[in-house]
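Some notes on the structure that comes next.
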Amino acid sequence: MMFASVIVSITASDVNKVFEYKIPEGLSDLIKVGHRVLVPFGPRQIQGYVVDIKDEVEYDAARIKPIIRALDIRPVLTPELIQLAGHLADHYIASYISVIETILPAALKSKSKKMLSLHSPGGEAELAWQGMNLPHEVEVKTLSASQLAALKPYITSGEVIEETVLTQHTKKKYARALKPTFAPRGDFGRAYKQLELLDFIEQHDEYVLLSEVLEHGYTSGTVNELVKKGYVRRTDVVVERDPYKSRVFEEDPPKELNSEQEYAYNEIIRAVEEDTAETFLLHGVTGSGKTEIYLQTIAHVLDKGRTALMLVPEIALTPQMVNRFKARFGDEVAVLHSGLSHGEKYDEWLKVRNGGAKVVVGARSSVFAPVENLGIIIIDEEHETTYKQQDRPMYHAAEVAKYRSRYYNCSVILGSATPSLESYARSERGVYTRIELNHRAVTRTLPETKIVDMSVEHRSGNISIVSDTLREAIEERIRLGEQTVLLLNRRGYANFQICQDCGHVPNCPNCDISLTYHKAQYSLLCHYCGYEDGVKRECDNCSSDEVTFRGTGTEKVEEILRDMFNTGIVRMDNDTTRRKGMHEKLLDKFEQEKVPILLGTQMIAKGLDYPNVTLVGVLNADTMLNIPDFRANEKTYQLLTQVAGRAGRHELSGEVIFQTYNPGHYAIDLAQGNDYRTFYEKEMAFRRLARYSPYYFHVLFTVSHETVQKCLEATTHIHQALVKSVTDKAIIVGPSPSPIERINNQYRFQILLKYKNEPNLLEVLHEINLHYNELYKKEKLSLKIDVDPKYIM
DNA sequence: AGCACGCCGACT
DNA sequence: GTCGGCGTGCTC
């Protein structure tokens, strides 16, 4: 007799463990490790995942129930992914099931429905059933309370059956198709068109899609006739969703590498040939041709019969990037990103699982792609915080990548023009192998960068958001027919409304943050919880009608620029790109129609590569400096360097202008000089002094609750628990209110733990987590434990 | 007494 | 997550 260890598909701390089931004789060949199975669980039937198969059990043998059936033909999880899930659950203080369901596409999660059907016809039950005019089967949810009450006795008596049905999130996609019957042909008379169409259909022995037939100019009338005469049958066929199907990709041959690229490539190939799990930090200035190195490395890995994973930040998953991969590797590429529906993602996932795609390109969660025999994992723009998931499990893609690389003995490449301090520090200590690319691939020179001091500008009478220097530079580009990219890190129209009499600013009633004015909707929006309010005609506080707007957002700047230059502008921010496909559409417009100005928030800082862009302007280089986070300087440096890198990437040389009120600040000053090394040293000195990462590891505890009281109680308790269990070398900061004290009517308090070496830490964290999960149920308290947080807020 | 409601523990 | 058991308290 064989038994299976099963993780059940329920998120609750007390079922966060293995449940054991019998494998019925008839299923013993069918059920393998990694399978999804249907199991009895109390009075219900639910979905679970087999994580182990063994011939002995620990639980009371008499109480072990059998698995009902397998839900797949092939297992959905490999042993490697199961092992990975266990590691992540442990490392990031998450439940096993939450990690498993993060690894798998959402389409595989089960949704349960309770159904009622009439069992024994005749008798009172049927009378009642028909009296309500119910179909053969009904979902309990759709019944009214009185209907349910009326049926209840029959459910108890067994005349009406109640059962739980599992449904998947997605169905296969079907398309109408035509199938030839190859019936002997009769006389077609004058029906030449039908004869022609029949010939066409009979060329395919399987089927032809109806859409294809119509594309060839045949009409549905002709089709109908053939169906009526019995030569053709209509059918539905399963089709694979391929969002890139209608596009043609030109083949893109490998480009010649320059000497720097060549060196980097050879270094990486050496590791690939040695089959070592080495981590490279590829530190290359913007435009140094990192992507070409990635592409050729992947090509080499594929030649060896292995597979490749390529991660990019969601925002950089632009059509430009995708096209480049499609053009180089054709159908061997699977692309996974947030723009795909559950079904589309599932199809791409299946393609990978079945070995139909050897290269996977995608955002964070693609690091879990079910590839086997991995040969290389690449993480582009490794400093991006989007690689860290913000809800549970709060994993970082680079950690997952390194774990997988050890399993497959393959290398990891972390690429960036502005590496995170953590990665660079590791490369200094020799944990990572650092490779530098100091020159641009095409122009060889970086754009010339200027800093404009906005306070000087103000004193000389220009109070506009555009300095004279920047205005002249833009005018010059318009005259030359070249393009400008402008970064304004703030969406909306004006920042907020303010009363000029009493200084009152309308705040969100649910969050401790001011409301942002959006002109298009003529409303005030909360960017945290989505709360919307009308624009105030008078002050809520003093009823004065002297209310005005302060601060300038993208929407407002677009207006200002239109007035100033009287030219075409493409605006890209959260508001204009929310709809599916808009991101791509706007960029296409910018490129194809050579629109003179692209104005946007941070989303334009990455990945754009347009030869005609020769000027980049940053309207407010300072905003990032003011975020309440110890990484503010690092983020500022990175953002400025990245956006500056959009200029002059090809034949035309580029120019960059940073507008700032802090011209002497080292993050801005060194970004202007493109001096990463000096920035690294200065910032490391600050981190050392303030005892922050990379000198210390961090764990952030955030407690939220409706009341301040409970938050304080809980954080104080956690503080005590930590003091008791960590060494005296660790530093515990807090409890203190989070930078945004309240979001969605929940107060938030935090504790930051800083440590270097705590052998028992994971154990302690799991204990605290368990304890507060219990409390959470009773007191509606929530505790988030963020291991290696990327934001301290 | 009879039942509605909410809390709590168990689920292999 | 969700079911059933059980205690509390309200109504007939």
Side-chain angles (χ1 to χ4, degrees), chain A residues 1-25 27-28 31-71 82 85-86 89 94-102 104 106 108-116 139-158 160-169 391-393 710 769-782:
Chain A
M1 176 60 83
M2 294 304 269
F3 300 93
S5 300
V6 173
I7 299 295
V8 293
S9 178
I10 291 173
T11 323
S13 57
D14 51 342
V15 290
N16 181 25
K17 57 182 173 189
V18 180
F19 285 78
E20 294 169 322
Y21 288 88
K22 276 183 214 147
I23 302 177
E25 288 300 331
L27 296 179
S28 57
I31 293 178
K32 307 218 167 53
V33 169
H35 256 124
R36 284 185 309 155
V37 287
L38 185 67
V39 291
F41 198 70
R44 298 174 294 152
Q45 298 183 351
I46 56 169
Q47 178 171 309
Y49 301 84
V50 176
V51 294
D52 193 19
I53 289 180
K54 52 197 183 175
D55 52 13
E56 281 180 349
V57 286
E58 283 164 35
Y59 194 65
D60 178 4
R63 295 168 68 189
I64 290 185
K65 298 179 185 172
I67 288 173
I68 298 166
R69 61 188 168 93
L71 294 170
I82 290 171
S95 67
Y96 209 142
I97 188 64
S98 71
V99 180
I100 288 179
E101 296 194 332
T102 307
L104 293 173
L108 288 177
K109 257 204 254 176
S110 68
K111 250 172 75 180
S112 63
K113 265 199 301 195
K114 248 169 72 187
M115 304 293 291
L116 291 185
E139 201 183 334
V140 174
K141 235 179 23 200
T142 62
L143 295 173
S144 68
S146 61
Q147 283 177 314
L148 196 58
L151 289 173
K152 206 151 201 172
Y154 305 117
I155 299 172
T156 334
S157 73
V160 168
I161 297 186
E162 185 183 49
E163 61 179 342
T164 311
V165 184
L166 285 189
T167 50
Q168 305 293 285
H169 271 281
D391 42 48
R392 270 171 289 207
K710 275 268 170 279
N769 183 48
L770 210 63
H771 180 83
Y772 281 92
N773 264 317
E774 292 291 303
L775 267 184
Y776 170 60
K777 272 199 202 161
K778 292 192 185 85
E779 311 197 26
K780 290 186 174 169
L781 203 77
S782 119

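So you know, we letter chains A, B, ... as the sequences are listed, proteins then strands, and number each from 1.
Between A:Gln45 atom CD and C:dC3 atom P the separation is 13 Å, expressed in whole Å. For A:Glu101 and C:dG1, the CD to P distance is 11 Å, given to the nearest whole Å. Taking atom CD1 of A:Ile46 as the reference point, atom C1' of C:dT2 lies 10 Å away to the nearest angstrom. Across the protein-nucleic acid pair, A:Gln47 atom CD and B:dC11 atom P stand 22 Å apart, rounded to whole Å. The CG atom of A:Asn16 sits 17 Å away from the P atom of B:dA10 (whole-angstrom rounding). Remark: P of B:dC11 and CD1 of A:Ile97 are 19 Å apart, rounded to the nearest angstrom. The CZ-C1' distance, from A:Phe19 to B:dA10, rounds to 8 Å in whole Å. C:dC3 atom P lies 10 Å from atom CD1 of A:Ile10, rounded to whole Å.
Between the side chain of A:Gln45 and the main chain of A:Val39, no donor-acceptor pair closer than 3.5 Å is present. At distances below 3.5 Å, at least one donor-acceptor pair connects side-chain atoms of A:Thr102 with backbone N or O atoms of A:Ser98. Side-chain atoms of A:Asn16 do not come within 3.5 Å of backbone N or O of A:Ile97 as any donor-acceptor pair.
Put simply, the side chain of A:Ser28 does not reach to within 4.5 Å of the side chain of A:Met2, judged on heavy atoms. At least one side-chain heavy atom of A:Ile67 sits less than 4.5 Å from a side-chain heavy atom of A:Ile31. Residues A:Phe41 and A:Phe19 form a side-chain contact, since some pair of their non-hydrogen atoms from C-beta on lies under 4.5 Å apart. Two residues are said to be in side-chain contact when any heavy atoms from C-beta on lie closer than 4.5 Å; A:Val33 and A:Ile82 meet this criterion. Contact annotation: the side chain of A:Ile53 approaches that of A:Ile23 to within less than 4.5 Å [non-hydrogen atoms, C-beta and beyond].
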Pair up each side-chain donor or acceptor in residues 3-13 of chain A with any protein partner under 3.5 Å, not counting sequence neighbours, and list the distances.
from   : atom 1 : to       : atom 2 : distance (Å)
A:Ser5 : OG     : A:Lys54  : NZ     : 3.2
A:Ser9 : OG     : A:Glu101 : OE2    : 2.8

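Taking every heavy atom of residues 51-64 of chain A and every atom of DNA chain C, no pair lies under 4.0 Å.
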Taking only nitrogen or oxygen atoms into account, show me every contact under 3.5 Å that the protein makes with nucleotides 6-9 of chain B, one pair per line with its distance.
none

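Within 4.0 Å (heavy atoms only), A:Phe41 reaches at least one base atom of the nucleic acid.
Among the nucleotides C:dT2, B:dT12, B:dC11, the one closest to any side-chain atom of A:Arg44 is C:dT2.
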